[in-house]
Amino acid sequence: MSQSNYNYVDELAQLNKDILAKNPADILQFCSNYFLARLEDQRKQLWNQQQRASAAGITLFPRHSVPRQSNSHAFPAFKTPFGDNDPHSEDPHHDKHTEDEGPGAPAASVPTPGLFRGTFGAPASSLARSVDPSDKSESDTIAPLGAKISKLPAHFNANRRTSVSAETLNPNKFLGDWKPPVRNLTSEQLSRLNSSVAKNFLFGQLDDEELNTVIHALEEKRLPQNTEIIKQGDEGDFFYVIEKGEVDFYVNGDKVNTSGPGSSFGELALMYNSFRAATAVATTDCVLWALDRLTFRRILLEGTAKKRAMYEVFFKDVPVLASLSAYEKSKLADALVSKTFQPGTPVVVEGDVGENFYFIESGTAEVSKEGEGVVSHLAKGDYFGELALLNDSPRKATVTASSVLKVATLGKSGFQRLLGPVVEVLKRQDPTHQ
Ligand SMILES: Nc1ncnc2c1ncn2[C@@H]1O[C@@H]2COP(=O)(O)O[C@H]2[C@H]1O
Ligand SMILES: Nc1ncnc2c1ncn2[C@@H]1O[C@@H]2COP(=O)(O)O[C@H]2[C@H]1O
């Protein structure tokens with residue numbers, strides 16, 4: 001038996017032993033975590049050998065060897081093949097290698113390269129240590145923020161004992177006889193919830209019974225300005241909806257986002273069983289509503305994940321959205337609603353007040369104007385209805401389905417809130433100026 005065959009059999013034998021010892025509920029996740037952890041160990045060993053050799057003036061791997069930065073003790077960035085579709089894995093540092101540096105080398109401009117990233121951005125070693133779904137803590141982690149946000153290293157939680165579980169995106173498999181918490185909400189709280197928080201896009205997918213369950217499971221949190229609500233690298237415990245106030249988000253110390261009333265956050269770690277992807281800080285006094293992890297997973301997970309995955313595919317065909325980050329696209333997906341129109345049906349009518357914006361998912365449409373007839377044709381990936389929302393003006397044309405037309409629509413508030421970086425592009429592409 002060759003050496004490589006021997007290692008392979010050995011590896012499987014060890015994996016088998018671990019499986020028997022730990023009896024994981026989610027076998028595929030366990031195997032994935034196991035191999036990622038092994039890969040991380042192996043890369044570390046190689047790196048250490050390389051460091052020792054280069055200290056002795058020996059170049060072991062000519063294309064990968066010399067780290068360009070002063071922090072040469074840092075283990076080089078290594079990108080897992082599994083994390084690409086998850087917003088957690090979006091790490092601009094990872095793709096900055098040049099040909100010469102090779103895939104294992106740290107990017108020259110990056111201060112500290114990320115440690116090996118696990119399946120969904122979590123360090124593989126931490127993931128592999130705990131795969132038992134019953135091993136969870138649900139404590140409230142809100143802590144006051146004393147000083148300014150520190151730069152968090154990409155491997156923030158690398159050596160911490162974690163209790164991230166290995167549930168899959170199937171929310172029902174692990175929850176047994178789960179019962180949602182029922183808070184004793186006052187009628188004043190309920191009326192506030194119904195008039196604000198219940199309108200969050202993520203709740204739009206729920207039927208009345210599910211919405212009722214979620215609302216009664218929500219817990220009110222009044223937080224003073226500067227409270228650190230979520231810390232990057234921590235485990236996910238709650239999902240939050242903002243009733244009042246503003247929250248800023250930081251990734252590795254850099255501000256990446258701001259959210260206000262009606263927005264939600266903290267869903268990623270709960271959806272992907274991964275570590276918090278960002279730090280969230282109350283920039284004003286805030287009133288938030290927190291939903292516990294299990295209720296989130298049981299009621300909101302499946303629909304949200306499906307919708308995000310579905311629109312993620314479609315967004316690849318929408319050039320105007322190219323400037324949005326993966327996270328911005330996920331939030332956009334939460335807000336979109338698909339509608340179908342039969343051939344000959346007008347979707348927007350010239351002169352009407354505009355309330356919605358549209359992307360064409362499939363089919364075709366004609367744009368016509370009073371006195372001019374058909375002025376253009378639209379197809380998959382095109383959009384329309386932006387002019388009325390951008391300029392607060394009546395519809396400038398009529399758009400009619402010319403075959404069975406499927407559109408993804410976005411209301412006015414979502415348009416303003418979620419298409420921020422795209423608005424300038426929409427203005428530049430104004431069809432009435434062409
Ligand atoms: N650019 C961003 N990248 C990742 N998370 C973000 C970003 N902006 C806001 N967030 C939110 O910050 C939250 C931190 O916790 P989660 O990873 O659970 O979910 C994250 C998102 O809801
Ligand atoms: N030549 C055009 N003039 C006006 N609207 C157009 C034209 N071509 C496409 N459209 C789209 O038709 C939409 C009609 O509603 P809006 O005015 O909101 O936004 C308009 C544009 O998105």
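Whatever order the structure lists them in is the order used to number ligands and atoms, beginning at 1.
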Practice task
Evaluate the criterion salt bridge (Lys or Arg N to Asp or Glu O under 4.0 Å) for residue pair E220 and R183; output intermediate values, then yes/no.
Solution key: CA-CA 10 Å; E220 184 168 359; R183 319 277 177 204; over 6 Å; no
Practice task
Report yes if some N/O of A269 lies less than 3.5 Å from some N/O of ligand 1; otherwise report no.
Solution key: yes
Problem - L268 contact mode with ligand 1 (heavy-atom cut-off under 4.0 Å) - result: both
Practice task
Give yes or no for whether the N/O distance cutoff of 3.5 Å, strictly under, is met between R276 and ligand 1.
Solution key: yes
Practice task
Please verify whether a non-hydrogen atom of G266 lies at under 4.0 Å from ligand 1.
Solution key: yes
Problem - Within the 6.0 Å centroid threshold, strictly below: F265 and F249 - result: yes
Handout entry: Proximity to ligand 1 by part of E267, non-hydrogen separation under 4.0 Å
Key = both
Practice task
Closest by any non-hydrogen atom to atom 19 (O) of ligand 2: pick that one out of L387, V348, V399, N356.
Solution key: L387
Practice task
Could you list which atoms of ligand 1 come closer than 4.0 Å to a heavy atom of V256?
Solution key: 1 (N), 2 (C)
Handout entry: Nearest option to atom 5 (N) of ligand 2, as decided by whichever heavy atom of A397, G351, G385, S393 sits closest
Key = A397
Handout entry: Carboxylate-amine/guanidinium contact D248 K255, below 4.0 Å
Key = yes
Practice task
Identify whether NZ of Lys or CZ of Arg in K380 sits under 6.0 Å from the centre of the six-membered ring of F314 and within 45° of that ring's axis.
Solution key: no
Problem - Atoms in ligand 1 with a heavy atom of F265 nearer than 4.0 Å - result: 22 (O)
Handout entry: Close approach, K369 and ligand 2, non-hydrogen under 4.0 angstrom
Key = yes
